[in-house]
Amino acid sequence: MSDPVRVHSVVDGPADGPAVVLSGSLGSDHRMWAPQVEPLVRQGFRVIRYDTRGHGASPVPSGPYTLDDLLADLLALLDEQGVARAHLVGLSLGGMTGMWAGVHAPERIASLSLCCTSARLGPPSMWAERAGLVRAEGTGVVAEGGVSRWVTPEYARRNPGEAEFLRAMIAGTPAEGYAACCELIERMDQVDALPGITAPTVVIAGAEDPATPPEHGRLIADAVPGARLEVVAGAAHLGSYEQPAEFSRIILEHLKSAES
Ligand SMILES: O=C(O)CC1=CCC(=O)O1
């Protein structure tokens with residue numbers, strides 16, 4: 001097992017509620033989950049959001065990073081919070097961490113909500129190029145492009161303040177953390193492992209996601225035993241932020257069914 005780092009986390013909701021861990025996308029921090037906090041807490045869940053290593057206020061070890069590293073960080077966070085078993089909601093890189101956790105630490109995972117994610121996301125050369133660019137010029141150089149994948153053009157036009165907030169979130173991500181996660185995605189292939197996931201799983205895709213289009217979600221839902229796919233209209237890659245009501249509704253429905 002990898003050596004964990006102590007990731008930065010924010011916890012809301014009742015201490016004795018069922019724990020839900022929210023794991024975010026490349027270039028984000030725990031604030032990307034702000035729209036989900038109130039709906040989940042209102043239903044009695046204890047919501048644990050965190051910054052992936054190399055992101056936000058978490059430590060930034062030098063790369064390479066592996067999915068084993070991200071899983072070790074997640075399990076250390078659960079241990080720190082006294083949580084034996086948690087529901088895992090992960091978007092994109094967070095979903096990749098979730099799938100890895102479902103395969104390699106099934107006893108700690110009560111359910112998986114896999115949002116806007118992929119089990120294999122090529123082409124590898126694109127990730128290597130993006131990592132090199134960010135190491136050379138910083139994350140500011142990929143921020144505008146990132147926002148254009150995260151939200152639809154209509155959302156960005158109607159919500160310029162939100163678009164700027166998201167742009168600044170990407171630009172504020174440490175270059176080494178962002179680049180090392182690009183290289184992790186470059187090497188990642190979890191397709192053959194998916195049938196080994198035993199946690200109740202829902203896969204949620206954004207109908208307008210240019211980064212992980214719905215066919216990536218379809219592949220996961222077809223391979224994970226008992227999983228189902230929901231495709232949300234009017235959502236690009238950061239679907240939980242652009243369409244918070246619909247994403248929260250589907251996640252809550254899944255959490256409640258896994259709890260019953
Ligand atoms: O930034 C992107 O291109 C989309 C993405 C892939 C993995 C992730 O977390 O975000």
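Counting starts at 1 for both ligands and their atoms, in listed order. Residues: numbered from 1 along the sequence shown. FYI, side chains are in, hydrogens and waters are out, and symmetry mates aren't considered; it's all heavy atoms of this structure.
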Side chain W100, main chain Q190, donor-acceptor under 3.5 Å: no
Reference residue S111; test side-chain hydrogen bond (donor to acceptor under 3.5 Å, both in side chains); the match among E259, H87, R85: H87
Identified side-chain contact (heavy atoms from CB on, under 4.5 Å) counterpart of W33 within the set V10, L22, V20, L40: L22
Can you give the donor-acceptor pairs under 3.5 Å from side chains of residues 194-204 to other protein atoms, not counting sequence neighbours?
residue, atom, partner, partner atom, Å
T201, OG1, A199, O, 2.8

Audit row: S9, H30, side chain to side chain donor-acceptor pair (under 3.5 Å) steps and yes/no: CA-CA 7 Å; S9 63; H30 67 280; over 6 Å; no
At less than 3.5 Å, what protein N or O atoms come close to the N or O atoms of ligand 1? Include the distances to 0.1 Å.
residue, atom, partner, partner atom, Å
ligand 1, 1 (O), R130, NH1, 3.0
ligand 1, 1 (O), R149, NH2, 3.4
ligand 1, 3 (O), R130, NH1, 3.3
ligand 1, 3 (O), R130, NH2, 2.8
ligand 1, 3 (O), R149, NE, 2.8
ligand 1, 9 (O), L26, N, 2.7
ligand 1, 9 (O), S92, OG, 2.7
ligand 1, 9 (O), L93, N, 2.9
ligand 1, 10 (O), S92, OG, 3.0
ligand 1, 10 (O), H237, NE2, 3.2

Heavy-atom check, side chain of I185 versus side chain of M96, under 4.5 Å: yes
